Structure formats: C-alpha cells, structure tokens
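This one's a predicted model, so the numbers in the text were calculated from it and none came from an experiment.
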Amino acid sequence: MEKSGMQDKDAFNREMLEFLQASTTPFHAVAEMSRRLDAAGFSALREADAWELQAGGKYYVQRNQSSLVAFVYGTDELPEKGWRMWGAHTDSPCLKLKPKPDIEKKGYRQWGVQVYGGALLNPWFDRDLSLAGRVHYQTKDGALKQRLIDLQRAVAVIPSLAIHLDREANNARTVNPQTDMPPIVCFSGDNSDLETLLLEYLKAEGAPDAVELIDFELSLYDTQPPAVIGWRNEFIASARLDNLLSCFVGLRGLLATGNKTHAVLVCNDHEEVGSLSAIGAQGPMLKAILQRVVGDHESFERAIHQSLMVSADNAHGVHPNYVDRHDNNHGPLLNAGPVIKINANQRYASTSETNTLFTALCKACDVPVQQFVIRSDMGCGSTIGPITSGALGVRTVDIGVPTFAMHSCRELAGSEDAHGLAKVAAHFFASRELPQI
C-alpha cells in the first residue's frame, strides 16, 4: 500500500482552525470545502448535466449547498479495485430561527428559535452569538435570488437568570427551549424586525436591489473563535468539532492523494436529525452519484464489493469527572489515537473484518488506535455508517476522534488526534490494494 505525506501537526491544526472558523453552518462548510477543492484542481459537476469523466480526473458535486461528494476518478480499473470512501456530516446541533421569529417583550426584540438536533442547551447561555445561513430574496425587477450570509459579529445573547431569582439553578436547572432560549437582539421599535434588519444587511453587503425577504435558513453560533488550548497546547476547543473535524480530515486526506485510486469523500447534511432527506445519508445522493460514475449495475456491484467505507464521526472520550459513564475496558483517551466504535445492535457498522482493515491502516501510519463500546446499561448515538452501509452494501467501519462536551456549542478534542487521523485518511485514499483477510 502507498503512503502519502501530510503537513506537520501545528500547520495542520492552524489550517483546521481556519476551516472551523469559516464553516459556521453546513452551507458555509460546503462552500469552504468547495473553495479548497477548486484550488486543488477539482472540477464542479452539476447533477442536471451529462457527465464526461476523464480517467485521473477530480470532481465534486454539491446538493442543496449543504451536502457534498468529492471524488477522484482514478486510472485503476474501478470494478476490480473498488472505491476508498470516507464519510462524515456537515451539520451540528444548534439553534435555528423559526420562520416567523420576531418576539417583542418589555421593549426588547427577541428571536424565536428551534433546537436542531440533540443540542446541549445550558452552554448557549451568556454567549456572544452571531447569525449565519442562507437567505432567499426578491429584487426590484422581480428576480428571485439566494445568498449565503454570515454576520461575523455578535448580535444576540441569551442571558441567564440571576441566581437571586432562581436559588435552585445550581441544583436542578432545566431548560425550556420555547420560553428560555429566545435570544435578545436589540430594543424593539420601528425597523427592528428580522426582515428589515436582513434587508439592511443585504443592501450593505452587495445586494442593493433586494426589496423583499422570501425565506431563510439561519442559525445562531458562538462567536468565540476556535483555539489550541492547554498548558502544553494539548487540546483544540471549538464549536462544531462534531463533525466538521471529520469533514476536514477527510478533505485533507483526499487532497493529498494522487489520481490512481478511486477515492470518494461524502459529507452529508442532516445526520443530527436522522439523515432521512434528499441530501442526508439515508437519501439517494451518494448511491446515485456512484452509479453514474461506474456506468452500469453489474460494474457497480462488483466495485462495491471491492470497496471500504470509513464512517468518521467523533467519539466520546473518557471525561475525568465522569469516569463511571464509560465501560472500564473501552474508554478512549484524548491524544491516544482514533477510536473504532463498536455496537452489538448495529448502531455502528463496524465488524471484526472492517476493524481489522482500519487497524492495519493505522499501523501502517504509526498511528495508535482505540476502541469504544457504550456501557451495557446505556444507549449510544448513531452515525451515517449503518445507513450508508445498508444503502450500498459496502463494508464499513465507524471511527472517530475522541472528544469532550459533544453537542455543546464549545467542544474539546486532542491536538494530536486529527492530524494522526488525517495521515490515515491520506494513506487510505492512496491505497491501491487493501489487505486480504
């Protein structure tokens, strides 16, 4: 198997922090990945067009601006060699604005929000929040247009209630997402409604012809930038590590590979809410693209059975304050390597065969590997692994970097782990042969 180079850890982490900072929503994550793919010589394809793929060519496809499939159409024979596939997801739990979000109370303008995914809500209080996403608007001449926006400054806050007014806050605090989570934006009054504010923003940011806001998909995010922290720079703290870290690792691995193997990176939206959509892993996007690439059903089935899918989604590191929440023999440590995730009830798609293959990839890169199994009296989360494996029939292993505070608006990972996993991803994509078992 071929080995591929990877930049040093500090440079890699700096680049990853830049990616995380730019990727404030799934739309922005896909836009940032597309920008980097363009710079690396990949060509954008439209699903509505006829494709003429060239051997050795590099391509990518967007759907809904929030899911992406990038691939190398290698020079190797596809049915005989199969695909090297890496899967992750672009979405993270967050607070999304409701369609009619405007609320006025006691002279304050607030926004009604929906909780997207299984968000940990308490950390959202007392944060400097900004707004990003996609807006659709009409122009003076009646044209309908869309635009990605990111205010990139704090415009909202969800203040905590003072301890004097809630003496049990430190003992039994619960959060009602309907009544406790609407952020304060400004003082109410004329021209403080969301449509007016957004039209003002659009006109100031290069869309002077915008006259009516039609619709939007907008999310709040914490403006605190990603950072390397710890006494010896042991950790990375950031929003959206779950699962943009895995998207970035897969992207860097794909960009480091050559043009011989058939390498695929899929980054789906909607994993945090079940993946059942036109752009989610339970939808038709990846299979439809792979079938178009290979050309016929017989070749598709042959290629799939020579392929391997790495489903990359963060794992739960052992929190030192909550050691009892883990199985004693399966507690991943930060900066101790990627984690193979295993579940007897197939919440993860890993099998002994695929675990062995991934372990071999890690050993070839001198990267340590760990295993995670949830306590037998607890339920575990899910990934795109079983969904993709079930849809395609492809061998799949579920892996991830260990993290703390998963689904918070500020998560924590080890500063060694993403870089190590990126080495494995690059080696995996460049591997013209997988070990025979």
Side-chain angles (χ1 to χ4, degrees), residues 26 29-31 33-38 40-90 247 250-251 253-255 257-271 275-312 349 384-396 428-432 434:
V30 167
M33 285 189 283
S34 299
R35 183 186 70 79
R36 293 168 183 263
L37 290 164
D38 289 336
F42 281 69
S43 300
L45 299 173
R46 294 180 67 252
E47 290 185 274
D49 294 340
W51 295 355
E52 295 183 4
L53 306 179
Q54 302 297 320
K58 300 182 177 184
Y59 307 93
Y60 71 91
V61 182
Q62 290 186 19
R63 190 180 283 193
N64 189 52
Q65 297 179 279
S66 62
S67 288
L68 176 142
V69 176
F71 62 94
V72 177
Y73 187 67
T75 56
D76 285 342
E77 288 297 319
L78 179 52
E80 284 75 22
K81 300 294 186 178
W83 287 286
R84 308 292 176 263
M85 293 190 280
W86 186 280
H89 63 88
T90 59
C247 292
L251 177 66
L254 185 68
L255 295 180
T257 194
N259 64 355
K260 294 183 176 63
T261 58
H262 292 267
V264 179
L265 171 67
V266 54
C267 297
N268 290 112
D269 197 359
H270 295 161
E271 189 277 340
S275 293
L276 181 57
S277 70
I279 55 177
Q282 201 170 346
M285 182 180 181
L286 178 59
K287 186 172 185 178
I289 290 171
L290 295 180
Q291 287 177 328
R292 292 181 69 170
V293 168
V294 76
D296 63 83
H297 180 72
E298 179 76 13
S299 297
F300 174 79
E301 290 297 327
R302 290 177 61 200
I304 277 293
H305 290 283
Q306 296 292 336
S307 302
L308 179 65
M309 171 77 169
V310 176
S311 166
I384 67 169
I387 296 170
T388 305
S389 180
L392 300 180
V394 64
R395 295 178 297 173
T396 302
F428 170 59
F429 280 135
S431 299
R432 301 179 70 183
L434 293 173

(request) Report the distance from atom CH2 of Trp86 to atom CG of Leu251, rounding to the nearest 0.5 Å. (result) 11.5 Å
(message) Please report the interatomic distance CD(Gln62) to CE(Met33), rounded to the nearest 0.5 Å.
(response) 9.0 Å
(request) For residues Phe71 and Phe42, report the shortest heavy-atom separation together with the two atoms involved. (result) O-CE2, 3.7 Å
(message) The test is side-chain contact (heavy atoms from CB on, under 4.5 Å); show your working for Val61 and Trp51 and say whether it passes.
(response) CA-CA 11 Å; Val61 182; Trp51 295 355; 3.9 Å; yes
(message) Do Met309 and Ile384 make a side-chain contact, defined as non-hydrogen atoms from C-beta onward lying under 4.5 Å apart?
(response) yes
(request) Report yes if the side chains of Met85 and Thr396 come closer than 4.5 Å at any heavy-atom pair, otherwise no. (result) no
(message) Looking at every non-hydrogen atom in both residues, tell me the closest pair between Ile279 and His270 and how far apart they are.
(response) CD1-CE1, 3.5 Å
(request) Give a yes or no on whether the backbone of Asn268 and the side-chain of His89 come within a donor-acceptor separation of less than 3.5 Å. (result) no
(request) Verify, without hydrogens or angle tests, whether Ser431 (side chain) and Leu434 (backbone) share a donor-acceptor contact under 3.5 angstrom. (result) no
(message) Parallel, tilted or perpendicular: which one describes the rings of Phe300 and Trp83, with boundaries at 30° and 60°?
(response) tilted
(message) Quick one, Asp38 and Tyr60 - any side-chain contact, counting heavy atoms below 4.5 Å?
(response) yes
(request) Kindly indicate whether the side chain of Glu80, heavy atoms from C-beta on, has any atom under 4.5 Å from the side chain of Arg302. (result) yes
(message) I'd like to check Tyr73 versus Lys58 (side-chain heavy atoms, cut-off strictly below 4.5 Å). Are they in contact?
(response) no
(message) Could you measure the distance from the CG atom of Leu68 to the OG atom of Ser34? Nearest 0.5 Å is fine.
(response) 5.0 Å
(request) First locate atom CD of Glu301, then atom CD of Gln291, and finally report the distance between them rounded to the nearest 0.5 Å. (result) 8.5 Å
(message) Treating Ser389 as the side-chain partner and Gly385 as the backbone partner, does any N or O pair qualify as donor plus acceptor under 3.5 Å?
(response) no
(message) Can you confirm whether Ile387 sits close enough to Leu276 that some side-chain heavy atom of one is under 4.5 Å from a side-chain heavy atom of the other?
(response) no
(message) For Ile304 versus Leu392, what's the shortest heavy-atom pair and its separation?
(response) CG2-O, 3.4 Å
(message) Working to the nearest 0.5 angstrom, can you tell me the gap between Cys267 SG and Leu286 CG?
(response) 11.0 Å
(request) For residues Val293 and Leu78, determine if any side-chain heavy atom of one lies less than 4.5 Å from a side-chain heavy atom of the other. (result) yes
(request) Would you check if the side chain of Arg395 reaches a backbone N or O of Ser307 as a donor-acceptor pair within less than 3.5 Å? (result) yes
(message) Checking salt bridge (charged side-chain N to carboxylate O under 4.0 Å, His left out) between Asp76 and each of Arg432, Lys81, Arg84, which is the one that passes?
(response) Arg432
(request) State, to 0.1 Å, how close Thr90 and Ser66 come at their nearest heavy-atom pair, and which atoms those are. (result) OG1-O, 2.9 Å
(request) State whether the side chain of Ser67 and the backbone N or O of Arg63 hold a donor-acceptor pair below 3.5 Å, judged by distance alone. (result) no
(request) Locate the shortest heavy-atom distance separating Phe429 from Gly250; write the atom from each residue and the value. (result) CE1-O, 3.5 Å
(request) Run the numbers on Leu45 and Leu53 for side-chain contact (heavy atoms from CB on, under 4.5 Å), then give the verdict. (result) CA-CA 10 Å; Leu45 299 173; Leu53 306 179; 3.9 Å; yes
(request) Kindly give the heavy-atom pair with the smallest separation between Leu255 and Ala40, and that separation in Å. (result) CD2-CB, 3.5 Å
